[in-house]
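Quick notes on the structure that follows.
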2 protein chains.
Amino acid sequence: MNNDSTKLTVDAVVFGYRAPKEIIVLLIQRKFEPFKGTWALPGGFVLNGESLEDAVYRELQEETGVELSYLEQLYTFGKPDRDPRGHVVSVAYFGLIKPDNLDLVASTDATDAHWFSIKELPKLAFDHQDILNRAINRLRAKVGYEPIGFELLDSKFLFGELENLYMSLLDRTIDRRNFRKKILALGILDELDEKVSQGPGRPAKLFQFNEKRYFELKEQGIFFEI
Amino acid sequence: MNNDSTKLTVDAVVFGYRAPKEIIVLLIQRKFEPFKGTWALPGGFVLNGESLEDAVYRELQEETGVELSYLEQLYTFGKPDRDPRGHVVSVAYFGLIKPDNLDLVASTDATDAHWFSIKELPKLAFDHQDILNRAINRLRAKVGYEPIGFELLDSKFLFGELENLYMSLLDRTIDRRNFRKKILALGILDELDEKVSQGPGRPAKLFQFNEKRYFELKEQGIFFEI
DNA sequence: ACAAAAGTGTTGTAGATACACCCATGT
DNA sequence: ACATGGGTGTATCTACAACACTTTTGT
């Protein structure tokens, strides 16, 4: 039973949101062969005895310094020829980050890390474009039946931001009145007393996602759906 | 970068349907330590250079001889302590099988393989109960938005069988008239001219899932939903 | 003739969509 | 005063849920 030369990596697809209409993804430029100089998803080898999630957090920390607000497993990619170095199986993760945390620190590996709009992507190393495509599909699908959109906004946000985010994610226009009715009817947003005004126009109220309330409703079998 | 002692396995959760109301899952009895004598999911080590799906098919063939009608990746389990032998990461798959193929051949490993109702399960080895739970959740969720139910029925089936299958899967009663209306309205079933009569009662028409038609509709953005 | 399973329609209701004007502020 | 974005209500339509009787066969 020859298993010793199959290696295990993790890769992370981390999405962010840049107002008003851009969904962005975190990429690093590879410093070493193979694919030296090519853009790729952050990731790397899993250490023996290390959990998969720990490996993701460690690699992200090492390569980009970002702090996630959400992480879940995406899919495992295991085609024997996906890495020219040999049989490397990669467990891909799917992460979200708040606009607060978009700054990238100089990485310990001195790899270059940048945010790219998912509509203007460079050529990617390995099968990372496949991984990214799967992640985008997951993001678009999931945003419709779980309240993960809030993980892409600061904890206090304007309704208009939520609206723009959903339009960017789903890549279509949304009726403002119907959207507001639907979301507020779910009862998972707290309306704060604070208002912000930014330039001309009527100042807007701040809202906050009430996670506790969401879980209560979920227990009762009342589901989030857009 | 110490990765050499992390090993990779696959495990398969294979579901079947036994009329009229039983959802069953395929388990094997372990022949060796650890967990010798305990029931477990079929699976085993991935060979170097072997794709994950190939490993699943191979292990299923070796241990049980079953032939699947559907297979998809479920989730990867990587807690460092999930296997007493060391760090073993397992990619779990989710499979379906038609009633035609429920017979288990004597396995080359002489392991004992049996079908168990998902409502009367033995204690399972490793974290296989977690894997199974996740598979059951996937099955229940997926059956609502993709036409995988047909993979659990013979290619020609009675409407009543489909109904019973869905009731068993969702563990609730379904209104016969509404169910029939909805499914037929999707336009993905061919109504055959053949009828079968089994004991007393009016004979029932046979139906067949029209996969080609389903993909056409899917292309057009018309989705299956129960 | 009776028991057993298959087959079939209508009505009410809730949720989704479509749609346009007033409000509060900055310049 | 005007330009800009925030905030709101109503009418229509569509999809789902509830519900009971007739038909065809075996015995």
Run A/Asn178 and A/Lys181 through side-chain hydrogen bond (donor to acceptor under 3.5 Å, both in side chains) and show every step you take. CA-CA 5 Å; A/Asn178 293 336; A/Lys181 242 181 299 176; 3.2 Å; yes

Assess the residue pair A/Phe157 and A/Phe150 against the criterion (ring pair (Phe, Tyr, Trp, His ring centres under 6.0 Å)); give the C-alpha distance rounded to whole Å, side-chain angles, the decisive distance to 0.1 Å, and a yes or no. CA-CA 9 Å; A/Phe157 55 86; A/Phe150 305 111; 5.7 Å; yes

With heavy-atom distances below 4.5 Å as the criterion, would you say the side chains of A/Asp11 and A/Val56 are in contact?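 A/Asp11 does not reach A/Val56 side chain to side chain.
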
In whole Å, I'd like the distance from the [atom1] atom of [X] to the [atom2] atom of [N].
X: A/Glu194; N: D/dG6; atom1: CD; atom2: C1'; answer: 17 Å
X: A/Lys195; N: C/dT25; atom1: NZ; atom2: P; answer: 6 Å
X: B/Glu161; N: C/dA5; atom1: CD; atom2: P; answer: 14 Å
X: A/Ile226; N: C/dG15; atom1: CD1; atom2: C1'; answer: 14 Å
X: A/Ile183; N: C/dG15; atom1: CD1; atom2: P; answer: 15 Å
X: B/Lys205; N: D/dT24; atom1: NZ; atom2: C1'; answer: 12 Å
X: A/Glu191; N: D/dG7; atom1: CD; atom2: P; answer: 8 Å
X: A/Phe179; N: C/dG15; atom1: CZ; atom2: C1'; answer: 17 Å

When you match B/Ala204 and A/Ser197 each to their closest nucleotide on DNA chain C, which lands nearer the 5' end?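 Closer to the 5' end of DNA chain C: B/Ala204.
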
B/Phe77 six-ring face occupied by B/Arg82 cation (under 6.0 Å, within 45°):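 No, cation not above the ring by the 6.0 Å, 45° rule.
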
Answer yes or no: is there an ion pair linking A/Arg177 with A/Asp175, defined by an N-O contact shorter than 4.0 Å?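 Looking at A/Asp175 together with A/Arg177, the answer is yes, because their closest N to O distance falls below 4.0 Å.
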
Should we say atom NZ of A/Lys142 is surrounded by more than 12 heavy atoms from elsewhere, each under 6.0 Å from it?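 Enclosed: over 12 neighbouring heavy atoms sit under 6.0 Å from NZ of A/Lys142.
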
Sugar-phosphate atoms are those with a prime plus P, OP1 and OP2; base atoms are the rest. Using that split, label each nucleotide of nucleotides 11-23 of chain D B, S or - for protein heavy atoms under 4.0 Å, 5' to 3'. ------BBBB--B

Mapping B/Pro200 and A/Gly201 onto DNA chain D by nearest heavy atom, which one lands closer to the 5' end?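 On the 5' side of the pair lies A/Gly201.
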
